[in-house]
Structure formats: C-alpha cells, structure tokens
Amino acid sequence: MKRIGVLTSGGDTPGMNSAIRAVFKEGVARGHTVMGIYHGFRGLIEGRVEQLRHENVENIMHKGGTVLRTARSAEFMTDEGLKKAINVARAYSLDAIIIIGGDGSYRGAKVLFEHGINTIGIPGTIDNDMGYTDFTIGFDTAVNTLTTEIYKIRDTMRAHDRVGVIEVMGRSCGDIALWAGVAGGADIILVPEYPMPWDEAARRLQDNKLRGKLTSIVMIAEGAGKAEDFAQYVRTHTNVEIKAIVPGYIQRGGNPSAFDRVLASRLGQRAVELVHENKCGRAVGIHRNRIIDVPLDESIALADEFDKKLYDFNNDVLSRF
Ligand code: F6P
C-alpha cells in the first residue's frame, strides 16, 4: 500500500478535476491512500497536504478549474524551496507525487525525481504545446469554447461589415489559434510557428474587401502578437474597419468537454498504474488514441509539432476559394 500525492500546477485547465477524480478512484481501488496537495508546488513547500476522501472528488468531474487549486511558485525554483518541498514529501511519507500541469510543472516533476522523490506527469494545459502527446487536457474544451465565441463575434462583425481580430492564448504555441480558427471558419490564422508578415495579412483583408467580402475573422495566437497592435497596423495601412477582441480567461474556464473528461480519466488511471508498478519519473500521454508513457526527460525535450498542412489549407484554400 502506497501514499500517493496528487497536485495541479501552473495554469488550470478544464479536465483537471476529472484527472484528480480518476487518480483518487484508481488509487483507492488498488488499496492506496491518495493525498491531495493544495496550491501546487507552493502548497507542497508549505505542507498543505490532506488525505483525499470520496467527498472531495464527488460531483467534480464536470467542473472547470481545479478543486486542489493551483499556483505558479517562484520559490519552488530556488534551492531553498526545492529543499523544503522534498522535506515535506518525506515528512508525509509520499511514495510518489502525480503532477498535473504543463511543461513548467514537468520541469518541477523532473527535478524532484532527480532528488529522489518519485513523480509522474499528467499533461494539463490548454496550450497543447507538449510534443510527446497528441493532446493535453483542456485543449479540446478551450477550442470548443472559442469556437462558440467566434460565431457570436462573427454575427456582430457581419452586422457592421467589420473585420474582427481575436487574440487567443497558447503562449508560444499556435495550436489553439489553429484549431479554433479552422473550426470557426477564420479567414486568416496568425501563429508564432510560421509568422505571416502583417503587411501580407493586411493585404489579404484589403483584397477581401475589394472582392466584396466585407467581414473577415482573423485569429491571432498570443505568441504571434497582440490583437490591438494588429488592428492598429491594419487601420494604418488599409481602409478596412477592424476591431480587436481578447476573450482572455473565458477560454480556460468552464465545463470540460466529453473528450477532455475521458482523456483525463484515462491518463489519471495510467498514472496510478505506473506508481503501482514502481515505474516513476515518467509522463503519461496519448498517441494515436493509445495511452502512452515516456521518461520525463523525453517528455520535456520533444519539440511540439505544428500542423503546417492544416495551417496552409486554412489560410490558402479554405478561406480563399
Ligand atoms: O499556459 C496556460 C496559459 O493559459 C497560457 O495560454 C497563457 O499564456 C498563460 O497561461 C496565462 O497565465 P496566467 O494565468 O498566469 O495569466
């Protein structure tokens, strides 16, 4: 019987709760004790550790955010902070810690593992920027939320013959912009992976207007620039009327999609299985609809692959013919 800690770290994502629930249930089913660590690595440092019980995971599967709360901890990055975290993990006799988060959280998981604390990573970030897994928990929900929003924005842009440029999250990854853009019928998608010069994007909008297409939607990934800056550029160089829209945190909250709930459940189960099998220092993911696990080192090192073909199809075909 083991004591398994579980924490959520970095930006929250819809589906984190489904993963926590799966970890708890699989852990208990295998006879282990599951300890919730509140507020991510910061909570680990501060000893905010409590045994999870059924009531903690009851009725949480469909809720956004994370019942364990989350944080971005600067202290954990210091030697002193790391030492404190290790001491707390030992004081609570944690045999392993399952860490649900993005690449920053994985780096924390890796450092802990190198210092003798068993860790497993579950990919939880809306950004979908982790190369070893086809999908991260929360991405699908964020894309669905934005797709709904785009059609609302399109209605009002169309009523005024305006262009809307929508800035979406993703840090240095353009996946959210790409998928929400394709699903929302965006005319131009701007991503950091393949920067389209703004003069070309502005020319495309001007051309649209000349051929009678008065309403266009531009999706801009935050890594490719700010919507307001792009709008200003277009106003300066064309006679297109354009509005900047930043949906912000609405794309990170809300009920997880069915896909994210199922993905999170599968990943949570596999994470506990790995602990049970004494295979730590690994990250779980999904590839070709199979749950996989790879060493944490590898999960961090693998560069994310951007779907250039889909990007070209949208910008050069779907939006032009
Ligand atoms: O990594 C998830 C994410 O939502 C990014 O897309 C975004 O850049 C960032 O977190 C925002 O971070 P914060 O919650 O600290 O504002």
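Just so you know, ligand 1 is whichever comes first in the structure, and atom 1 is the first atom listed for that ligand.
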Would you mind running through ligand 1 and noting each atom that sits below 4.0 Å from a heavy atom of Tyr249?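 Near Tyr249, the atoms of ligand 1 are 13 (P), 14 (O), 16 (O).
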Can you sort out which atoms of ligand 1 are near Glu222, meaning under 4.0 Å from one of its heavy atoms?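 In order of numbering, the contacting atoms are 5 (C), 6 (O), 7 (C), 8 (O).
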Under a heavy-atom criterion of less than 4.0 Å, does Gly170 contact ligand 1?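 Yes, Gly170 has a heavy atom closer than 4.0 Å to ligand 1.
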Using non-hydrogen atoms of the residue, decide whether Arg72 is closer than 4.0 angstrom to ligand 1. yes
Plane angle bin for Trp179 and Phe135 - parallel if under 30°, tilted between 30 and 60°, otherwise perpendicular: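 Phe135 vs Trp179 ring planes: perpendicular.
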What about His287 and Tyr132, are their ring centers closer than 6.0 Å?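 Aromatic pair excluded; centres sit 6.0 Å or further apart.
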With distance as the sole criterion, is a donor-acceptor pair present between the side chains of Asn239 and Gln206 under 3.5 Å?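 A donor-acceptor contact under 3.5 Å links the two side chains.
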For the salt bridge (Lys or Arg N to Asp or Glu O under 4.0 Å) test, which of Lys2, Arg30, Arg282, Arg270 pairs with Glu277?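 Single salt bridge (Lys or Arg N to Asp or Glu O under 4.0 Å) partner of Glu277 among Lys2, Arg30, Arg282, Arg270: Arg270.
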Would you indicate whether Lys83, at its atom NZ, is surrounded by more than 12 heavy atoms from other residues, nucleotides or ligands within a distance under 6.0 Å? no
Provide, to 0.1 Å, the distance between atom 11 (C) of ligand 1 and the closest protein heavy atom, together with that atom's residue and name.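 Scanning the protein heavy atoms, the shortest distance from atom 11 (C) of ligand 1 goes to Arg252 NH1, 3.6 Å.
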Residue and atom name of the nearest protein heavy atom (relative to atom 1 (O) of ligand 1), distance in Å to one decimal: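 Scanning the protein heavy atoms, the shortest distance from atom 1 (O) of ligand 1 goes to Asp127 OD2, 2.8 Å.
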